[in-house]
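The chains referred to below are lettered A, B, ... by the order of the sequence lines, with proteins before strands, and numbering in each begins at 1. Values below: every heavy atom of this structure, side chains too, minus hydrogens, waters and symmetry copies.
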Amino acid sequence: MEALEKFFVITRIDEIIKWAERNSMWPMPFGTACCGIEMMAAAASRYDLGRFGSEFLRFSPRQADLMIVAGRVPIKLMPVLIRIWSQIPEPKWCISMGACASSGGLFDNYAVCQGIDKFIPVDVYVQGCPPSAEDLLEGIFRIQDLIRTGKKERDERPTPIRIGFFGR
Amino acid sequence: MNDLLQSVLDSLDDRFKKYIKEKLIDRGDCIVRIDKDSIYSVMEFLKPTFDFLIDITAIDTSELKLSGKSEGFDIVYQLYSTLKNIRLRIKSYINKDQKVRSVSGLWKSAISLEREVYDMFGIEFFDHPCLERILLPENFESHPLRKGYPLKGIGERDHFPRVERAD
């Protein structure tokens with residue numbers, strides 16, 4: 001019996017699926033502006049997204065399960081964003097990175113959509129202009145928390161999660 | 001003023017005396033304002049000297065409150081000679097619904113520049129190979145750099161379908 005406990009872990013099947021999901025998030029980078037540069041920095045050697053299982057930035061939405069929208073989304077790009085989001089297979093998560101993606105930022109004009117959350121569901125908002133790479137890593141941790149606690153809680157939470165702080 | 005530029009201006013004067021309305025130097029740039037009916041002939045005359053059309057743009061003058069002007073546009077051509085290193089700006093005041101002859105037969109770069117002017121101001125050019133929108137989406141209906149168009153648009157940025165998750 002002691003030998004069995006040493007070599008086996010007893011768990012539930014959905015727990016082990018969640019464990020696999022959250023430790024290999026494959027992000028689909030949707031970088032359109034300076035936030036995209038911070039996202040690349042987060043994936044590069046100094047911050048190294050690979051430590052958390054997200055080292056593959058999948059440029060095909062069909063192979064991704066986390067979309068990181070980094071930068072402003074103009075009206076000409078919004079149909080593309082919606083289409084790419086639709087092409088990501090379920091289950092999928094979305095990070096809205098930076099002021100422009102979350103609210104339009106300082107581009108309050110006819111050409112820029114005022115927040116992608118009007119049109120696609122967003123799980124985590126990373127604030128900053130642009131956010132630092134650590135903030136993006138924190139956002140990915142929060143997505144992992146959401147997976148650990150289960151989808152239902154994510155849907156019922158009253159307000160979106162915002163991370164980072166102003167004036168960093 | 002540059003001697004080369006002066007000689008070009010003199011020859012322009014000889015040829016188009018009655019069409020030239022104004023000549024001035026503003027911050028070192030030579031600006032010639034011409035009559036709206038002579039735009040193409042002046043550009044055709046300048047083409048052998050100025051081999052590079054830097055930019056075409058327009059100014060909506062409807063809120064400028066200039067004397068004797070109704071609603072319309074100032075259309076601006078910025079020319080440069082790569083051989084002589086001289087620059088010339090041609091301006092012309094056109095009425096709101098006036099169609100302008102395209103200079104794309106003289107400078108190929110005018111094709112995209114005129115498309116941009118058409119996109120932003122709604123000025124139509126005839127003799128243009130493909131006068132379509134270039135920056136804005138094809139289904140966009142307004143011309144956003146006109147003064148009558150509100151900065152925040154008329155709802156174009158809000159009209160997209162909302163996509164939900166499957167679960």
CZ of A:Arg62: more than 12 outside heavy atoms within 6.0 angstrom?
no
Might you confirm whether atom CZ of A:Phe52 has over 12 heavy atoms from other residues, nucleotides or ligands at distances under 6.0 Å?
yes
Only one of A:Met78, A:Gln114, A:Lys118 passes side-chain contact (heavy atoms from CB on, under 4.5 Å) with B:Arg157; say which it is.
A:Gln114
Using non-hydrogen atoms only, which part of A:Pro79 is less than 4.5 Å away from chain B: side chain, backbone, both, or neither?
both
Answer yes or no: does atom NZ of B:Lys99 have more than 12 heavy-atom neighbours from other residues, nucleotides or ligands under 6.0 Å?
no
Report yes or no: does A:Lys76 contribute a side-chain atom to a donor-acceptor pair with the main-chain N or O of B:Leu135 at less than 3.5 Å?
yes
Out of curiosity, B:Glu156 CD to A:Cys113 SG, how far, rounded to the nearest 0.5 Å?
10.5 Å
When rounded to the nearest 0.5 Å, the distance separating CG of A:Asn109 from NZ of B:Lys152 is 10.0 Å
Should the heavy atoms of other residues, nucleotides or ligands under 6.0 Å from CD of B:Glu164 be counted, would the total exceed 12?
yes
Given that the side chain runs from C-beta out, which part of B:Asp158 has a heavy atom under 4.5 Å from chain A: side chain, backbone, both or neither?
both
So, are B:Arg162 and A:Asp117 salt-bridged, with charged N and O less than 4.0 Å apart?
no
Which bit of A:Val112 is near chain B, if near means a heavy-atom gap under 4.5 Å: side chain, backbone, both or neither?
backbone
Do A:Met97 and A:Phe141 sit in one hydrophobic cluster, given that two such residues count as connected whenever their side-chain heavy atoms are within less than 4.5 Å of each other, even indirectly?
yes
Single hit among A:Ile116, A:Ile120, A:Ile82, A:Leu81 for side-chain contact (heavy atoms from CB on, under 4.5 Å) with B:Phe160
A:Ile82
Is the number of heavy atoms from other residues, nucleotides or ligands under 6.0 Å of B:Glu141 CD greater than 12?
no
Has A:Ile13 got more than 12 heavy atoms of other residues, nucleotides or ligands less than 6.0 Å from its CD1?
no
Of all heavy-atom pairs between B:Phe140 and A:Tyr110, which one has the smallest distance, and what is that distance?
CZ-CD1, 3.9 Å
